[in-house]
Q: 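Let me give you the structure first, and then I'll get to my questions.
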Amino acid sequence: MVGLAVACALSNMPLTKHLRVAIIDSNPALKSRSYLDKNSIPDSRVSTVTPATISFFKDIGAWEHVQQQRHAFFGKMQVWDYTGLGYTRYNARDVGKEHLGCVVENKVLCNSLLLRLQEELDDIENVIYPTRLVSLTFPLKTRQAGMKPTSREPLSVGHTTEEFHRSHLVKLDLSDGRSLYSKLVIGADGSKSNVRQIAGIKTTSWNYPQSAIICTVEHVVENDCAWQRFLPSGPIALLPIGNNFSNIVWTMSPEESLRHKSMSPEEFVNSVNHALDFGYGPHPHSTALDHYMEQFFSGIGSSAASTKECFEVPPKATRVVSERMAFPLSLMHSHDYVSKRLALVGDAAHTVHPLAGQGVNLGFGDAAALAKVIAEGVSVGSDVGDLTLLQRYEKERKAANVAMAAVLDGFQKMYSVDLGPLNVVRAAAFHGAQYISPLKKNIISYATGDTKWSLFQ
């Protein structure tokens with residue numbers, strides 16, 4: 001998704017649309033050239049895109065294609081703790097917006113970007129290489145992570161101008177036997193990035209003692225709210241995906257994930273409803289302290305619309321309608337996002353805990369920032385693979401991504417311990433987020449990426 005977003009952004013900007021771009025990916029989904037059926041069962045792999053990501057998709061002309069396929073906006077969110085000590089509700093009206101986010105199937109996001117690329121490119125079949133990368137050969141002058149610069153021998157007699165030109169580019173050998181030469185390689189190939197490993201870029205990472213189960217469930221009524229409850233083993237989220245369907249993202253121990261995958265569909269649905277209702281602890285309820293906090297903080301700025309909203313019970317799932325998929329959770333961050341003629345974006349550069357659904361939004365932030373930096377380089381005649389130029393992208397995105405990773409890692413650790421004093425601290429945090437309007441608005445603004453990526457200014 002993130003790699004396609006970079007290609008789409010470059011094809012849309014006046015300064016970069018002349019650049020020749022190759023997309024190397026063996027995924028059969030890249031052959032899709034039509035809208036996906038809205039009435040089919042939703043896929044279990046979805047993303048919660050923020051208003052900032054939606055603005056980016058609108059800028060590059062891809063959002064109108066998302067709108068023609070299944071997607072589900074939500075304007076409300078409820079987060080609560082299994083202890084029953086606290087909850088908080090968020091409403092888009094708290095910050096003067098219509099929506100907090102939109103849940104979209106990953107295949108819809110990819111398809112929308114492909115359709116937009118097809119509109120911009122006459123020869124899209126010659127842009128997509130349905131194959132795999134086998135090796136990368138960088139120019140000897142390239143400063144790679146962990147490598148010392150070496151000098152290239154002078155051009156000898158017998159070398160053609162084309163050979164000399166190619167000697168300053170990256171050579172990409174593909175599994176179908178072809179080779180490409182490029183001024184810039186963008187690694188958007190996921191957390192186990194082959195591009196990153198070939199380039200020798202080191203990472204810092206650790207595994208969480210958790211796995212996540214994802215699937216699609218059905219309700220009797222349509223769900224219009226994003227729900228998240230923190231349980232002893234991790235959070236469970238219920239996200240609307242339209243047509244009485246919701247997506248489940250349930251974090252638990254690896255052993256529990258295997259057990260829940262092997263349950264009968266009926267047992268699994270019962271377990272989901274138990275986790276989102278009275279299971280593990282009581283419903284939160286308002287106390288005298290809550291009313292005191294509401295009165296005390298009502299004079300600090302304008303009151304948030306959701307401050308007076310009471311706790312609600314999520315809609316019950318009636319059946320599971322998709323495959324249940326489980327995957328281990330981890331945090332990873334690349335020491336470098338760039339070297340000469342190379343840039344990493346999305347999960348190839350960083351992965352975070354999925355508890356706030358921010359991973360893909362960070363990746364789309366990378367895509368927007370990198371495309372903008374490339375355009376700025378083209379405007380002044382710079383080499384798009386120049387290290388100094390690419391480091392401007394790294395400086396901007398590394399700060400934002402590290403900050404979000406730290407926040408999410410802190411949340412994961414804070415909600416992984418069931419201890420009396422810490423439970424009280426968590427309850428205080430929920431109360432503060434519910435009744436301190438300025439704090440609530442800041443949380444929403446941060447989580448929704450309330451800054452438009454101005455690609456075209």
Side-chain angles (χ1 to χ4, degrees), residues 1 27-29 32 35-50 53 66-79 99-112 210-229 231 233-252 256-277 279 313-329 353-361:
M1 292 183 288
N27 191 329
S32 174
Y35 290 137
L36 301 174
D37 183 7
K38 285 184 177 182
N39 297 315
S40 61
I41 298 296
D43 194 75
S44 55
R45 288 161 294 191
V46 307
S47 294
T48 304
V49 294
T50 63
T53 293
V66 174
Q67 291 177 305
Q68 298 301 315
Q69 301 172 84
R70 182 169 38 228
H71 62 288
F73 284 103
F74 60 94
K76 298 180 293 183
M77 183 174 185
Q78 178 176 288
V79 185
H99 313 290
L100 292 175
C102 186
V103 183
V104 190
E105 292 160 84
N106 290 356
K107 65 182 183 182
V108 169
L109 292 172
C110 284
N111 193 47
S112 300
Q210 296 172 319
S211 293
I213 279 193
I214 59 173
C215 64
T216 304
V217 296
E218 189 174 18
H219 312 284
V220 174
V221 296
E222 188 165 358
N223 177 26
D224 63 353
C225 178
W227 312 84
Q228 186 170 50
R229 188 185 189 197
L231 303 175
S233 59
I236 179 172
L238 184 73
L239 307 171
I241 191 62
N243 298 342
N244 290 15
F245 294 112
S246 288
N247 184 259
I248 293 284
V249 184
W250 192 352
T251 302
M252 58 185 71
E256 284 182 308
S257 71
L258 291 175
R259 185 169 64 85
H260 279 79
K261 271 195 73 176
S262 61
M263 284 179 176
S264 69
E266 294 76 18
E267 287 179 312
F268 182 77
V269 167
N270 289 336
S271 187
V272 166
N273 290 329
H274 180 75
L276 286 166
D277 200 344
V313 178
K316 289 189 180 301
T318 56
R319 65 185 182 117
V320 58
V321 295
S322 75
E323 177 189 2
R324 281 165 272 170
M325 305 173 66
F327 54 94
L329 303 183
H353 197 285
L355 66 86
Q358 289 295 325
V360 76
N361 293 294

Q: Answer whether the closest heavy-atom distance between the side chains of Ile236 and Thr251 falls below 4.5 Å.
A: no

Q: Taking C-beta and beyond as the side chain, do Val46 and Ile241 meet within less than 4.5 Å on heavy atoms?
A: yes

Q: Check whether Arg70 reaches the backbone of Gly242 with its side chain - one donor and one acceptor, N or O, closer than 3.5 Å.
A: no

Q: Does a side-chain heavy-atom distance below 4.5 Å link Met325 with Ile213?
A: no

Q: How long is the gap from CD on Gln67 to SG on Cys102, to the nearest 0.5 Å?
A: 9.0 Å

Q: So does Glu267 get a backbone contact from the side chain of Ser271, meaning a donor-acceptor N/O pair under 3.5 Å?
A: no

Q: Do Arg45 and Glu105 meet the salt-bridge criterion of a basic N to acidic O distance under 4.0 Å?
A: no

Q: With rounding to the nearest 0.5 Å, note down the distance linking OG in Ser264 to CG in Asn270.
A: 8.0 Å

Q: Does a side chain donor of either His219 or Ser246 reach within less than 3.5 Å of an acceptor in the other side chain?
A: yes

Q: Quick one: does Asn243's side chain have a donor or acceptor within less than 3.5 Å of a partner on Phe245's backbone?
A: no

Q: Between Arg324 (side chain) and His260 (backbone), is there a donor-acceptor pair under 3.5 Å?
A: yes

Q: Within the side chain of Ser262, is there an N or O that forms a donor-acceptor pair under 3.5 Å with the backbone of Arg259?
A: yes

Q: Can you check whether Ile248 reaches Ile214 side chain to side chain, under 4.5 Å on heavy atoms?
A: no

Q: Which atom names give the shortest non-hydrogen contact between Val269 and Val320, and what distance separates them?
A: CG2-N, 3.5 Å

Q: Looking at side-chain heavy atoms only, is the closest gap between Ser233 and Glu256 below 4.5 Å?
A: yes

Q: Between Leu100 and Thr50, does a side-chain contact (heavy atoms from CB on, under 4.5 Å) hold up when you go through it step by step?
A: CA-CA 7 Å; Leu100 292 175; Thr50 63; over 6 Å; no

Q: Could you tell me how the ring of Phe268 sits relative to the ring of Trp250: parallel (under 30°), tilted (30 to 60°) or perpendicular (over 60°)?
A: tilted

Q: Consider only side-chain N and O atoms of His353 and Gln210, and report whether a donor and an acceptor are under 3.5 Å apart.
A: yes

Q: Main chain of Cys225, side chain of Trp227: is a donor-acceptor contact present, judged purely on distance under 3.5 Å?
A: yes

Q: Please find the pair of heavy atoms, one from Ala226 and one from Leu239, that lie closest to each other, and give the distance.
A: CB-CD2, 4.0 Å

Q: Using 0.5 Å steps for rounding, measure from the CD atom of Gln228 to the CG atom of Leu276.
A: 10.5 Å

Q: Heavy atoms, side chains only, cut-off 4.5 Å: are Leu238 and Val217 in contact?
A: yes

Q: Please report the interatomic distance CE(Met77) to OG1(Thr48), rounded to the nearest 0.5 Å.
A: 8.0 Å

Q: Ser322 and Pro42: which non-hydrogen atoms are nearest, and at how many Å?
A: CB-O, 4.4 Å

Q: Could you state the interatomic distance from OG1 (Thr216) to CG (Asp43), rounded to the nearest 0.5 Å?
A: 6.5 Å

Q: When you measure from the side chain of Asn244 to the backbone N and O of Glu218, does any donor-acceptor pair fall under 3.5 Å?
A: no

Q: Salt bridge or not for Lys316 and Asp277, using N-O below 4.0 Å?
A: yes

Q: Apply side-chain contact (heavy atoms from CB on, under 4.5 Å) to Met1 and Ser47, showing your working.
A: CA-CA 10 Å; Met1 292 183 288; Ser47 294; 3.9 Å; yes

Q: If you look at every heavy atom in Asp37 and Asn39, which pair is closest and at what distance?
A: OD1-N, 2.9 Å

Q: Quick one: do the Gln69 and Asn111 side chains pair a donor with an acceptor below 3.5 Å?
A: yes

Q: Side chains of Pro240 and Asp224: does their closest heavy-atom pair fall under 4.5 Å?
A: no

Q: Looking at Asn247 and Cys215, what are the two nearest heavy atoms and their distance?
A: ND2-O, 3.2 Å

